[in-house]
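These notes concern the structure reproduced below.
We count residues from 1, following the sequence as given.
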Amino acid sequence: MSLFLTEQEVSRLLTMSSAIECVEEALVQLASGHGENLTRRRLHSPNGTLQLLGAALPQAGFMGYKVYTVFQGRAQFRVFLHDSETGKLAAVLEADTLGQIRTGAATGVATRWMARVDSKVVGIIGTGWQARTQLEAVCLVRPPSQILAYSRSSNRLSTFCSKMQEKLGVRCQPARTVDEVVEASDVLITITNSVKPVFSGERLKPGTHINAAGSNFLIKRELDEVCLQRCKSIIVDSKEQAKLECGEFLGPLEKGMLNWDRIRELGEVILARLLPRTSPEDITLFKSLGIGIEDVAVAAKVYRLAQEQKLGIEIAHP
């Protein structure tokens, strides 16, 4: 028998704090060679796409994969979790909320290791579905005194600020311009679908930590070349996946302004206790792409909790 867990059950069981710890441990397992990650693959039909990510975490006892389809603007997500000792299917989880939380959690891990401990102002560009957990994770590891948010939609921006201020208990103000956010932020989050840079790198103040989490296609870019030039450290969740999906790196790599030796993985930073900044003035960047080992780690946590609390629907299979 296996468990089937709905979105509602996943939301009930999974907290951001537990997701942050799961993701951090999974990245360490990957960096130490005890975990394995399968980079995202995309399959296309005339009407949509199927996308697949996978991973193995033997020390946690699980391996599995996330599959999601996007057809006519509608996405559907599932994680299939297998016992790494027997290969048996342990659980199938609806994974829209799970993916949202794990993406935020990765940003939280990066911010904990890369942002200045005295960071006070968090800025966010983009107020869509993924923005909420990005902000929640950052505020959990670097509690701010103020949040500044920007969106091209004034109605969406106002609603977002009201909801996040109520949820986080931190003053969340709508900004009139992108520059207003960038120039004030100690920690800056970009979470958009933009195909061109959303701010000028010249506007960044010294000491800023950037979490760029919006794009995972080569045709998309949230950051300009000036921003990358100014970064003391550039960290990704997976270099292998960045080579396939990171549009921000293409131009600088082709022009010789950047090379892959300068780019490190977040798990490596944590495992080796590397210092992403040598001065409070350094600008640092975490480029998040979202990798399968994060999904499997968080799904395993949810499954364990579901077993303890006797949640989910048991499903029979051959």
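- For the pair Leu311/Leu13, a side-chain contact is recorded, criterion being any heavy-atom separation below 4.5 Å from C-beta on.
- Taking Ser119 as the reference, Ala115, Arg116, Asp186, Val187 meet the side chain to side chain contact (heavy atoms under 4.5 Å, CB included) condition, with sequence neighbours excluded.
- Taking all atoms of both residues into account, the shortest heavy-atom contact from Ser2 to Ala91 is CB-N, 4.4 Å.
- Around the CD atom of Gln173, the shell of radius 6.0 Å holds more than 12 heavy atoms that belong to other residues, nucleotides or ligands.
- The backbone N or O of Ile293 lies less than 3.5 Å from a partner atom in the side chain of Asn37, making a donor-acceptor pair.
- Of all heavy-atom pairs between Ile125 and Phe199, the closest is CD1-CD2, 4.0 Å.
- Applying the ring pair (Phe, Tyr, Trp, His ring centres under 6.0 Å) test to residues at least two apart or on different chains, the pairs with a partner in residues 246-279 are Phe249-Trp260.
- Identified under the ring pair (Phe, Tyr, Trp, His ring centres under 6.0 Å) test for residues 110-133, with sequence neighbours left out: none.
- Val138 and Leu289 fall into different hydrophobic clusters, where Ile, Leu, Val, Met, Phe, Trp and Tyr side chains are chained together by heavy-atom contacts under 4.5 Å.
- Within the 4.5 Å cutoff, no side-chain heavy atoms of Leu3 are placed close to those of Ile315.
- Taking all atoms of both residues into account, the shortest heavy-atom contact from Leu81 to Ala299 is CD2-O, 3.8 Å.
- In this structure, the side chains of Ile20 and Leu140 come closer than 4.5 Å at one or more pairs of heavy atoms.
- Classification of Lys255 and Glu225 as a salt-bridged pair holds, one side-chain N sitting under 4.0 Å from a carboxylate O.
- Looking only at side-chain heavy atoms (C-beta outward), Thr278 and Lys232 come within less than 4.5 Å of each other.
- Atom OG of Ser238 sits about 11.5 Å away from atom CG of Leu266, to the nearest 0.5 Å.
- A heavy-atom distance below 4.5 Å is not found between the side chains of Ile291 and Thr39.
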Apply salt bridge (Lys or Arg N to Asp or Glu O under 4.0 Å) to the pair Arg112 and Glu21, showing each step before the final yes or no. CA-CA 11 Å; Arg112 181 157 66 185; Glu21 300 311 318; 3.1 Å; yes
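- For Ser32, there are no side chain to side chain donor-acceptor pair (under 3.5 Å) partners, not counting sequence neighbours.
- Checked for salt-bridge contact, Lys239 and Glu265 miss the test: no charged N lies under 4.0 Å from a carboxylate O.
- Lys243 NZ to Leu250 CG: the interatomic distance, rounded to the nearest 0.5 Å, is 13.0 Å.
- The same ILVMFWY cluster, assembled from side-chain heavy atoms under 4.5 Å apart, contains both Phe286 and Met16.
- Smallest separation of non-hydrogen atoms from Leu168 and Glu136: CD2-CA, 4.0 Å.
- Annotation: the span from Gln165 atom CD to Ser162 atom OG amounts to 7.0 Å, rounded to 0.5 Å.
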I'd like to know whether Val269 forms a side chain to side chain contact (heavy atoms under 4.5 Å, CB included) with Ile235, so could you lay out the CA-CA distance, the side-chain angles of the two residues, the decisive distance to 0.1 Å, and finally the verdict. CA-CA 8 Å; Val269 169; Ile235 308 297; 3.7 Å; yes
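- When the side chains of ILVMFWY residues are joined at heavy-atom separations under 4.5 Å, either directly or via intervening members, Val79 and Leu27 end up in a single hydrophobic cluster.
- Hydrophobic clustering places Leu271 together with Val109 (ILVMFWY residues linked when any side-chain heavy atoms are closer than 4.5 Å, directly or through intermediates).
- No side-chain N or O of Gln134 forms a donor-acceptor pair with one of Arg132 less than 3.5 Å apart.
- When all heavy atoms of Cys227 and Leu204 are compared, the closest pair comes out as SG-CD1, 3.8 Å.
- Glu222 and Ser194 share no side-chain donor-acceptor pair at under 3.5 Å.
- Across all their heavy atoms, Cys22 and Val298 have their closest contact at CB-CG2, 4.3 Å.
- Within 6.0 Å of the CZ atom in Arg78, the count of heavy atoms belonging to other residues, nucleotides or ligands exceeds 12.
- Using a 4.5 Å heavy-atom cutoff, the side chains of Leu157 and Cys161 are in contact.
- Once rounded to the nearest 0.5 Å, the distance linking CD of Glu94 with CD of Gln76 reads 9.0 Å.
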Derivation and outcome, side chain to side chain contact (heavy atoms under 4.5 Å, CB included), residues Ser200 and Asp224: CA-CA 7 Å; Ser200 168; Asp224 65 11; 4.2 Å; yes
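- The ring pair (Phe, Tyr, Trp, His ring centres under 6.0 Å) contacts involving residues 38-76 comprise Phe62-Tyr303, Tyr65-Phe80, Tyr68-Phe77, where partners must be two or more places apart or lie in separate chains.
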Show me the donor-acceptor pairs, under 3.5 Å and distance only, between side chains in residues 207-218 and residues at least two apart or in other chains.
{"unit_1": "Thr208", "atom_1": "OG1", "unit_2": "Ser185", "atom_2": "O", "d": "3.3"}
{"unit_1": "Thr208", "atom_1": "OG1", "unit_2": "Lys205", "atom_2": "O", "d": "2.7"}
{"unit_1": "His209", "atom_1": "ND1", "unit_2": "Thr284", "atom_2": "OG1", "d": "2.8"}
{"unit_1": "His209", "atom_1": "NE2", "unit_2": "Asn211", "atom_2": "OD1", "d": "2.8"}
{"unit_1": "Asn211", "atom_1": "ND2", "unit_2": "Thr111", "atom_2": "OG1", "d": "2.9"}
{"unit_1": "Ser215", "atom_1": "OG", "unit_2": "Glu248", "atom_2": "OE2", "d": "3.2"}
{"unit_1": "Ser215", "atom_1": "OG", "unit_2": "Lys287", "atom_2": "NZ", "d": "3.0"}
{"unit_1": "Asn216", "atom_1": "OD1", "unit_2": "Arg42", "atom_2": "NH2", "d": "3.3"}

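- A 4.5 Å side-chain heavy-atom check between Thr97 and Leu14 finds every atom pair outside the cut-off.
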Assess whether side chain to side chain contact (heavy atoms under 4.5 Å, CB included) is satisfied between Val195 and Arg221, documenting all intermediate values. CA-CA 5 Å; Val195 297; Arg221 295 173 62 209; over 6 Å; no
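- Leu244 has its side chain within reach of Arg41: a pair of non-hydrogen atoms, C-beta onward, lies under 4.5 Å apart.
- Going from atom CG of Leu43 over to atom CG of Leu52 covers 7.5 Å, rounded to the nearest 0.5 Å.
- Under the 4.0 Å criterion applied to side-chain N and carboxylate O atoms, Arg102 and Asp295 are assigned as salt-bridge partners.
- Judged by distance alone, the side chain of Glu7 and the main-chain N or O of Asp96 form a donor-acceptor pair under 3.5 Å.
- For Glu9 (side chain) and Gly312 (main-chain N/O), a donor-acceptor pair under 3.5 Å exists by modelled atom type.
- Met63 and Leu38 fall into different hydrophobic clusters, where Ile, Leu, Val, Met, Phe, Trp and Tyr residues are linked whenever their side-chain heavy atoms come under 4.5 Å apart, directly or through other members.
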Would Phe160 and Leu135 count as a side chain to side chain contact (heavy atoms under 4.5 Å, CB included) here? Give the steps. CA-CA 11 Å; Phe160 177 82; Leu135 201 51; 3.8 Å; yes
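- Within the 3.5 Å criterion, the main-chain N or O of Gly126 finds no donor-acceptor partner in the side chain of Thr192.
- With rounding to the nearest 0.5 angstrom, the CG atom of Asp282 is 6.0 Å from the CZ atom of Arg277.
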